Amino acid sequence: MREEALALDKSFVASAVFMDTLVTIEIVCPGSAAGCAERAQKAFAWFAHVETLCSRFDPKSELSRLSSSPLGVPVSVSPLLFELIEFACAVARASGGAFDPTVGRAMEASGFNRNYLTGEQKTSDDANAECSYRDVALDPESQTVTLSKPLVLDLGAVAKGFAIDLAAEELRPFQDFVINAGGDILARGRYSSGTPWRIGIRHPREPQASIETLAVSDMAVCTSGDYERPRPDGQLGHHLLDPQTGQPVDGVASVTVVAPSAMLADALSTAAFVLRPERGIALLESQDVEGMIVTTDLRVFETKGLSRYRP
Ligand code: ADP
Ligand code: MG
C-alpha cells in the first residue's frame with residue numbers, strides 16, 4: 001500500500017492504493033489536519049475490508065469461499081456480502097441480464113485471471129459457461145446464498161462503489177469532501193469556495209483531456225471505460241463483458257453515471273455499457289439517474305436531465 005498525506009491550508013488530501021486503484025480522499029478541513037487524517041485512515045480501511053471480502057483471486061476471501069461452496073446448499077454470508085450480492089442481482093434483473101455478477105469465469109477466460117498483488121494466475125475449469133445470476137438464490141431472512149450451478153462470482157462492477165459509500169459514511173463528521181477511486185467519485189458538500197465540486201470526465205481516447213465537466217454536490221459520479229483495464233496478458237480486449245457472448249462489449253468507449261450513491265452509479269455505468277447507447281440510456285432514465293454514453297466513434301448520448309449538472 002502506497003500512502004501520501006499532505007495538509008494544505010484548508011484542505012486535507014491523502015492517497016492509497018486498494019483494488020488495484022489509486023484512492024484519494026480530499027477533505028475541506030474544518031479543524032485540525034490530524035482529525036482529518038484519523039478519519040481518512042478509517043475511511044481507507046473500508047476499501048481494504050471490501051477488497052478482502054470480495055476478491056475473486058484470494059481463495060480465502062468470503063466471496064471465493066462462497067463461489068466454491070457445494071451446490072444447492074444455503075451458505076450463510078456476512079451482512080455486507082449479502083447486501084452486495086443482493087444489490088448486484090437486483091441490477092442484473094433490472095438490466096435484463098446485461099449486468100451479471102456471475103461473469104467471473106468469462107473474466108478469467110478473457111485473460112483477467114491474475115491477482116494484481118501477487119501475479120498468481122487462477123483458472124476455474126469446473127465453472128459452467130452457461131451460468132447466470134438466476135443461479136444465485138438469496139434468502140434475506142436467513143442471510144444465505146445458494147448456488148445452483150458451478151460459477152465464479154465477480155463483484156468488480158460494484159465493490160468499488162460500495163467501498164466509496166462506506167468510506168463516505170466514515171467521513172460523515174465532515175461537511176465537504178471528495179473520495180476519488182480511479183475516476184469513480186463521491187462528492188459531498190461543496191468545494192472551499194462554496195461552489196459545488198467540479199468533476200472532470202475523462203475523454204475516453206485522450207487520457208489528459210476531459211470530455212465533460214460536471215458540477216455536483218452530494219452525488220456520486222462513476223465511469224466505466226474500455227481504456228480502464230487492459231488485458232493483463234497484453235492481448236486486445238477490455239474488462240466489460242457481454243454475458244451473452246462472454247466477449248468484450250464493442251462500440252462503447254465509456255459510460256458515466258451520476259447517482260445518489262456510488263454503488264448505484266458504479267453498477268449502472270457497467271450495466272449501461274453492456275446495454276449500449278439506446279438501451280443503456282433507457283435503463284438510466286428508468287432508474288431515475290443521469291448519465292452519458294460515449295461510443296467508440298465518439299458520439300455522445302445522454303439522459304434528458306444530465307444538463308442540470310453542467311456548471
Ligand atoms: P472499473 O473497475 O474499471 O471501475 P467497472 O466498474 O465498470 O470498471 O467494472 C468492471 C468490472 O465489472 C470488471 O472488471 C468485472 O469485474 C465486472 N464485469 C465485467 N462485465 C460485467 C457484466 N456484464 N456485469 C457485471 N459485472 C461485470
Ligand atoms: Mg461499474
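Order of appearance sets the numbers: ligands from 1, and atoms from 1 within every ligand. Note that the structure is a prediction, hence the values are computed from the model and not measured.
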Determine the interplanar angle of the Phe47 and Phe44 rings, folded into 0 to 90°, and report it as parallel if under 30°, tilted if 30 to 60°, perpendicular if over 60°. tilted
For Pro243, the atoms of ligand 1 under 4.0 Å from one of its heavy atoms are 23 (N)
Between Glu62 and Ser78, is any side-chain donor less than 3.5 angstrom from a side-chain acceptor? yes
Options Val274, Asp154, Val103, ranked by nearest heavy atom to atom 27 (C) of ligand 1, top entry: Val103
Does even one non-hydrogen atom of Ser269 get within less than 4.0 Å of ligand 1? no
According to the interplanar angle, ranging from 0 to 90°, do the rings of His238 and Phe273 count as parallel (below 30°), tilted (30 to 60°) or perpendicular (above 60°)? perpendicular
Sub-4.0 Å atoms of ligand 1 with respect to non-hydrogen atoms of Asp266: 6 (O)
Pairs touching residues 177-213 that satisfy ring pair (Phe, Tyr, Trp, His ring centres under 6.0 Å), sequence neighbours left out: Tyr191-Trp197
Is it the case that more than 12 heavy atoms not belonging to Glu285 sit under 6.0 Å from its CD atom? yes
Do His239 and ligand 1 have an N or O pair less than 3.5 Å apart? yes
For Thr223 and Thr256, does a side-chain donor sit closer than 3.5 Å to a side-chain acceptor? yes
Within reach of ligand 1, part of Arg56 (heavy-atom separation under 4.0 Å): neither
Counting only heavy atoms, tell me which of Ala271, Cys222, Ala157, Gly225 gets closest to atom 26 (N) of ligand 1. Ala157
Do other residues, nucleotides or ligands put more than 12 heavy atoms under 6.0 Å from Gln121 CD? yes
A student checking ligand 1 against Gly156 at a 4.0 Å heavy-atom cut-off should list atoms 9 (O), 11 (C), 12 (O), 16 (O)
Using a 6.0 Å cut-off, check whether atom CZ of Arg279 has over 12 heavy atoms from anything other than its own residue. no
With distance as the sole criterion, is a donor-acceptor pair present between the side chains of Ser67 and Ser64 under 3.5 Å? no
Looking at ligand 1, is there an atom of it that comes within less than 4.0 Å of some heavy atom belonging to Ala267? no
If you measure every N/O of Lys160 against every N/O of ligand 1, is any gap under 3.5 Å? yes
Part of Ala98 with heavy atoms under 4.0 Å of ligand 1, whether side chain, backbone, both or neither: backbone
Got an N/O contact under 3.5 Å between Phe99 and ligand 1? no
Report, in ascending order of atom number, the atoms of ligand 1 lying under 4.0 Å from any heavy atom of Asp184. 4 (O)
